[in-house]
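Reminder, nothing fancy here: chain letters follow the sequence lines and each chain counts from 1.
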Amino acid sequence: MENNTQTDVNELMKRRIEEMNELRAMGINPYPYEYEVDNYSVNIKQNFEELEGKDVKIAGRIMAIRRMGKASFAHLMDKDGRIQVYVRRDDIGADKYKAFKLLDIGDIIGIDGYVFKTKTGETSVHATSMELLTKSLRPIPIAKEVVDENGNKTVYDQFADKELRYRQRYVDLIVNPEIKDVFVKRTYIIRKIREYLDTNGFLEVQTPILQPLYGGAAARPFTTHHNALDMKLYLRIADELYLKRLIVGGFDAVYEIGNDFRNEGIDRTHNPEFTMLEMYIAYKDYEWMMSFFEKMVEKLCVEVLGSTELEIEGTKVSFKTPWNRISMVDELKKETGLDVLSASKEDLKKELKKHNVDLHGGESVGKLIDELFEATVQDKLIQPTFVTDYPVELSPLAKKHRDKEGLVERFEGFVLGREICNAFSELNDPVDQRERFESQARALAEGDEEAHQVDEDFLKAIEYGMPPTAGLGVGLDRLIMLLTNQPSIRDVLLFPHMRPRS
RNA sequence: GGGUGCAUAGCUCAGUGGUAGAGCAUCUGCCUUUUAAGCAGAGGGUCCCUGGUUCGAGCCCAGGUGCACUCACCA
């Protein structure tokens, strides 16, 4: 990309380079080193009475210019928003005004001046001096905006091409600054999660991203190669097996927030790398984890979004605790009349057919039950709901249910029919764990590319003894999508993965 | 992976077989409280790519690429 400048130059860029050279000829460095900023757009507008007539030094990108001969107005955009500046030849001097005329939308300037209101009532800064801080060589997409008396903003010719917005997020952020709000919320949400876990005795840790064996979830991995060791490595698909090793080691409560990588399709809810939160706590079970998690989300809603009552895609959702709790088996009985635990494979298939579910063949009983759940129950779980106790085949790392044969102690949280977390009482019986791994290994051998490998080191770890433990995983991007009401994972990732363009 | 749709100037978009268009942005001139500033004029195009049909293709056909939506799978 570095050397594109020469081949990429169109007329607009040529013009800007010429202007830059003219500025240089006038003794102006188009890329100086610093500027002492002492105020910001929003603050000036909010404290007009106090600041009127006072001197301020602001800096920002020129977003609009209206030239009227020997005086001009411009809108500057700084970190908080826009403010108008008024630049008059007789105030900044003929030379500086000549330089000002060579500036373009997109250039970054510093303005020293006093605060005033124009005839039409717009809070502005009347420049007493102006400095170029950065010359912009590439034209930015122009979006004109009008703000009426009520503060309503109308944007004309908004930069709207989603592809370009994702590929050139830096331009998107300049031209559509309101999207910053989503990313700021994202940061606050993650900060509040850390705060909640830290104050509840959890220790944040970092475990390997490059792993000799992958595990902890059902997914295909990315592979890479370590040159010095001459070995294949996988990018992690989950943190689970390492975090549980830490529970074995005597950390009673740990969590990790970091990226996992899954070699799967890309769509509105999938990016190849995504941010995962996993937490594990000794001596607790999944019932405890349910309460702990719902309180965490409730707290996020209150502290970051200001309310437990959110409107998401036109639906009112209440995150106030306690959330609904339903058992998967009971709910399926209510919905279909079928007792899925005693039902035969044929009964399940018959029931699935009623709901137009296509099967690939070779599904286990557990998988059939899961399919039936997705077809009949999942979409109806609008308000936050925990679904408990899943078939054992689907959960090779979860502990068998203390009372219910064939099930494990597992729950998933659902909102608007979407899964937001997955948790269980962790399997800590090493003999049982070995059997589950072996059954997964058979599935892998039979072509299930998402099945687990046998992780002997992990087995060794829990053979030393892992205390009873509750664990939970949350895809944070999806949680943030939900809480900030964004329709695509790409809207909560600053730099979503895109196919390269030739 | 399947289906549907989109791709034309820096941006937003018209243009359904016959000279490539508009608004904004850019450039020139005028304009010292304007605000989608205004007035007068000018420049700017690999019509996504490759092939085909046709006297002639931005437009029709086939293939490809990218993106969006959607179904399937998953976090």
Practice task
Mind checking side chain to side chain donor-acceptor pair (under 3.5 Å) for A:Arg191 and listing every partner two or more places apart, or none if nothing turns up?
Solution key: none

Practice task
Quick one: label A:Leu12 by what it contacts on the DNA or RNA (base, sugar-phosphate, nothing), any heavy atom closer than 4.0 Å.
Solution key: base

Practice task
With heavy atoms under 4.0 Å as the rule, sort A:Arg16 into base, sugar-phosphate or nothing.
Solution key: nothing

Practice task
Write down the distance separating the C1' atoms in B:G44 and B:U28, rounded off to the nearest Å.
Solution key: 15 Å

Exercise for the section: Apply ring pair (Phe, Tyr, Trp, His ring centres under 6.0 Å) to A:Tyr234 and list each qualifying residue two or more places apart in sequence or on a separate chain. Expected result: A:Tyr214

Practice task
Measure distances between side-chain N and O atoms of A:Asp267 and base N and O atoms of B:A72, and say whether any donor-acceptor pair falls under 3.5 Å.
Solution key: yes

Practice task
Classify the side chain of A:Gln84 versus the base of B:U34 as yes if they form a donor-acceptor pair under 3.5 Å and no if they do not.
Solution key: yes

Exercise for the section: Pick base, sugar-phosphate or nothing for A:Phe116, based on heavy-atom distances below 4.0 Å to the nucleic acid. Expected result: base

Exercise for the section: Can you tell me, in whole Å, how much space there is between the P of B:C24 and that of B:A68? Expected result: 31 Å

Practice task
Would you classify A:Met68 as touching base, sugar-phosphate or nothing, given that sugar-phosphate means primed atoms plus P, OP1 and OP2, and contacts are heavy atoms under 4.0 Å?
Solution key: base

Exercise for the section: Return the nucleotide paired to B:C67: Watson-Crick means purine N1 to pyrimidine N3 with N6-O4 or O6-N4, wobble means G-U with N1-O2 and O6-N3, both under 3.5 Å. Expected result: B:G5

Exercise for the section: Please work out if A:Phe159 contacts a base, only the sugar-phosphate, or nothing of the nucleic acid, heavy-atom cut-off 4.0 Å. Expected result: sugar-phosphate

Practice task
Using a heavy-atom cut-off of under 4.0 Å over every strand shown, decide if A:Asn271 touches base, sugar-phosphate, or nothing.
Solution key: base

Practice task
Please find out if less than 6.0 Å separates the ring center of A:Tyr286 from that of A:Phe293.
Solution key: no

Exercise for the section: Kindly check if the number of other-residue, nucleotide or ligand heavy atoms within 6.0 Å of CZ (A:Arg325) is above 12? Expected result: yes

Exercise for the section: Please work out if A:Arg82 contacts a base, only the sugar-phosphate, or nothing of the nucleic acid, heavy-atom cut-off 4.0 Å. Expected result: nothing

Problem - For B:U46, the Watson-Crick or wobble counterpart (both distances under 3.5 Å) - result: none

Handout entry: Complementary nucleotide for B:A25 - Watson-Crick or wobble, under 3.5 Å
Key = none

Practice task
Determine the interatomic distance between P on B:U8 and the same-named atom on B:U70; round to the nearest Å.
Solution key: 23 Å

Practice task
Report which part of the nucleic acid A:Ala160 touches: base, sugar-phosphate, or nothing (heavy-atom distance under 4.0 Å, all strands).
Solution key: sugar-phosphate

Practice task
Please measure how far the C1' atom in B:C59 lies from the corresponding atom in B:G23, and state the result in whole Å.
Solution key: 23 Å

Exercise for the section: For B:G1 and B:A72, measure between their C1' atoms and round to the nearest Å. Expected result: 8 Å

Exercise for the section: Look at all strands and tell whether A:Arg15 reaches a base, only sugar-phosphate, or nothing, counting heavy atoms closer than 4.0 Å. Expected result: sugar-phosphate

Handout entry: Under 3.5 Å on both distances, the Watson-Crick or G-U partner of B:G51
Key = B:C61

Practice task
For A:Glu18, answer base if it contacts any base atom (sugar-phosphate contacts may also be present), sugar-phosphate if it contacts only those atoms, and nothing otherwise; contact means non-hydrogen atoms under 4.0 Å.
Solution key: nothing

Exercise for the section: May I ask you to say what A:Glu419 touches in the nucleic acid, namely base, sugar-phosphate or nothing, with a heavy-atom cut-off under 4.0 Å? Expected result: sugar-phosphate

Handout entry: Upstream residue (5' side of RNA chain B) when A:Ser124 and A:Thr275 are each assigned their closest nucleotide
Key = A:Ser124

Practice task
Just call it for A:Gly69: base, sugar-phosphate, or nothing, with non-hydrogen atoms closer than 4.0 Å on any strand.
Solution key: base

Practice task
Compare the aromatic ring of A:Phe274 with the six-membered base ring of B:A75 and state whether they stack according to the 5.5 Å and 30° rule.
Solution key: yes

Practice task
Describe, in one word, how the ring planes of A:Trp323 and A:Phe386 are oriented to each other, choosing from parallel (under 30°), tilted (30 to 60°) and perpendicular (over 60°).
Solution key: parallel

Handout entry: Nucleotide forming a Watson-Crick or wobble pair with B:A72, both distances under 3.5 Å
Key = none

Exercise for the section: Please figure out whether A:Asp370 or A:His75 has its closest RNA chain B nucleotide nearer the 5' end. Expected result: A:His75

Problem - Side-chain N or O of A:Arg67 closer than 4.0 Å to phosphate OP1/OP2 of B:C31 - result: no

Exercise for the section: Under 4.0 Å between any heavy atoms, over every strand shown, what does A:Asp477 touch: base, sugar-phosphate, or nothing? Just pick one. Expected result: nothing

Practice task
Quote, to the nearest angstrom, the P distance that separates B:A25 from B:G38.
Solution key: 8 Å

Practice task
Go through B:A75, B:A25, B:C67 for me and flag the one nearest to the A:Ile142 side chain.
Solution key: B:A25

